[in-house]
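Reviewing the structure listed below.
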Number of protein chains: 2
Amino acid sequence: MADQAQRTTGRKNDPEGLRRRLVEAAYAAFTTRGYRATSVHDLKRETGATGGALAHHFPTKKDLALAVLQDQVAEIVEETWMRPVLTAATAGEGIRAVFAGIAAELEAQGSVSGCPLNNLALELARDDADFRRVIDAIFLRWRDAIADKIRTDLRAGAATTIDPEAFATFVVATYSGAMAMAKASQSAAPLRTCAEQLTRLMRDWRVP
Amino acid sequence: MADQAQRTTGRKNDPEGLRRRLVEAAYAAFTTRGYRATSVHDLKRETGATGGALAHHFPTKKDLALAVLQDQVAEIVEETWMRPVLTAATAGEGIRAVFAGIAAELEAQGSVSGCPLNNLALELARDDADFRRVIDAIFLRWRDAIADKIRTDLRAGAATTIDPEAFATFVVATYSGAMAMAKASQSAAPLRTCAEQLTRLMRDWRVP
DNA sequence: TGAAAAACAGGACGAACGTCCTGATTTGAA
DNA sequence: TTCAAATCAGGACGTTCGTCCTGTTTTTCA
């Protein structure tokens, strides 16, 4: 360090940038390899952060995981599920499209690491109340977005007597479970099968 | 040890018994706390087994987990799902009863530790092919049992055009996902909601 | 410009972790 | 009864874990 105290432009701190890189690396590691399976040393190596820097931003590993849930996982659910469904023509069409899109994506990349929320939920929700609160809140927002879309369809005259909240819970559960099976079989087939079954259910909620 | 080499009845080896106690303790720990969250030292303490005894029966932790999957998890799925469904009047009635029974059980014990198969599947299936094979096989047998029951109903004259295999996959996925949501919310509500939705679907597969 | 705070460097720390090793005891077959 | 194999005792081994600590540098603000 002494031989090059000043680089060409002068080195600068980038706290937000480093924090973001840490959270992104942790998101990738936690949702694919798992929370316990990932060591903080792994993250230091991947990001180039030192122990001091890491401890400054995230005193404990748990703090980092909470940030991953709030910043990354919530955002991914929003992007991949809520927005597509809310902007689709109908709830049914939106749900069908999301399933199909994710199935295609999994087949393209060849391996299935599962639903990020589901992966972390099953590993962290059980023993720690802080994790559970955050995870449950994300599940709730996810479900409510779908329920809202169904309510919109109903107001537009869809011919069904379904309960929006209950059906939304049903959709989220089916998706989560299908992803678990997809992970176990390393195949998008369960996802496609479940999408087909759900589509079958919804296709006669005709909107006039 | 030297002061009491011979106890009252004379100590005896019990290899099968010790093996069984180890697998049962590991099953309880792995499916509630998690595989990585459980140390082999924990299991030694809980069962009273020594390092040598443990290493003799299960050279590695992975061997123990494979035994847990094959001996315990497969058996639990058989007991709690396959047998009740196969012996029910109809597939629909069997599925409804299993959901209701498990929901009641969760509410009685106050906490939700999730579906044993699902818990281990999400933690172990991704990176290890040996685990994945065993887990996928259990999922398959589970699905096939339900599909068989639906086929039986169809032969008995049920009025539906459903594909047995696809619908069975759908049921397993919905259950797994509902249990994940139940774990996150520490409530049986998602299970009850999904059961209601599934029942609604199946109630007009009238068997004459 | 000076001082306090924030951001980061780099390693020390004890406490686990999973596995393996040597030897003692028990068991079953000869 | 003898002896090899199976079963178990108990601890050592090196590694890795998450956290904390003492400094140094950079940034902020008055």
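Protein chains get the first letters and strands the later ones, always in sequence-line order, with residue 1 at the start of each.
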Most 5' of R19(A) and Y35(B) on DNA chain C, judged by nearest nucleotide:
R19(A)
Protein-nucleotide distance ([X], atom [atom1]; [N], atom [atom2]), rounded to Å:
| X | N | atom1 | atom2 | value |
| --- | --- | --- | --- | --- |
| R36(B) | dT16(D) | CZ | P | 14 Å |
| D14(A) | dA6(C) | CG | P | 18 Å |
| H41(B) | dC20(C) | NE2 | P | 19 Å |
| D63(A) | dC20(D) | CG | C1' | 14 Å |
| K61(A) | dT19(D) | NZ | P | 8 Å |
| D42(B) | dG18(C) | CG | C1' | 12 Å |
| R33(B) | dC17(C) | CZ | P | 10 Å |
| K44(B) | dC17(C) | NZ | C1' | 10 Å |

Using OP1 and OP2 only, check whether a side-chain N or O of H56(B) sits under 4.0 Å from dC8(D).
no
Ignoring backbone atoms, establish whether H57(A) has a side-chain N or O less than 4.0 Å from OP1 or OP2 of dC8(C).
yes
With respect to the side chain of [X], which nucleotide from [options] is positioned closest?
| X | options | result |
| --- | --- | --- |
| N13(B) | dT19(C), dT7(D), dG10(D) | dT7(D) |
| V40(A) | dC17(D), dG18(D), dA7(C) | dG18(D) |
| A55(A) | dT19(C), dC8(D), dC20(D) | dC20(D) |
| T60(A) | dC8(D), dT19(D), dC17(D) | dT19(D) |

First encountered from the 5' end of DNA chain D, between S39(A) and G51(A)
S39(A)
Which residue, T50(B) or L54(A), contacts DNA chain D at a nucleotide closer to its 5' end, judged by nearest heavy atom?
T50(B)
With heavy atoms under 4.0 Å as the rule, sort L18(B) into base, sugar-phosphate or nothing.
sugar-phosphate
Is a salt bridge present between D144(A) and R141(A), judged by a nitrogen-to-oxygen distance below 4.0 Å?
no
Considering only NZ, NE, NH1 and NH2 on the basic side and carboxylate oxygens on the acidic side, decide whether K149(A) and E93(A) come within less than 4.0 Å.
no
Any heavy-atom pair between the side chains of Q109(A) and L106(A) that's under 4.5 Å?
yes
Would you say the ring centers of F170(A) and F170(B) fall short of 6.0 Å from each other?
yes
With under 30° as parallel and over 60° as perpendicular, where do the rings of W142(B) and W81(B) fit, or are they tilted in between?
tilted
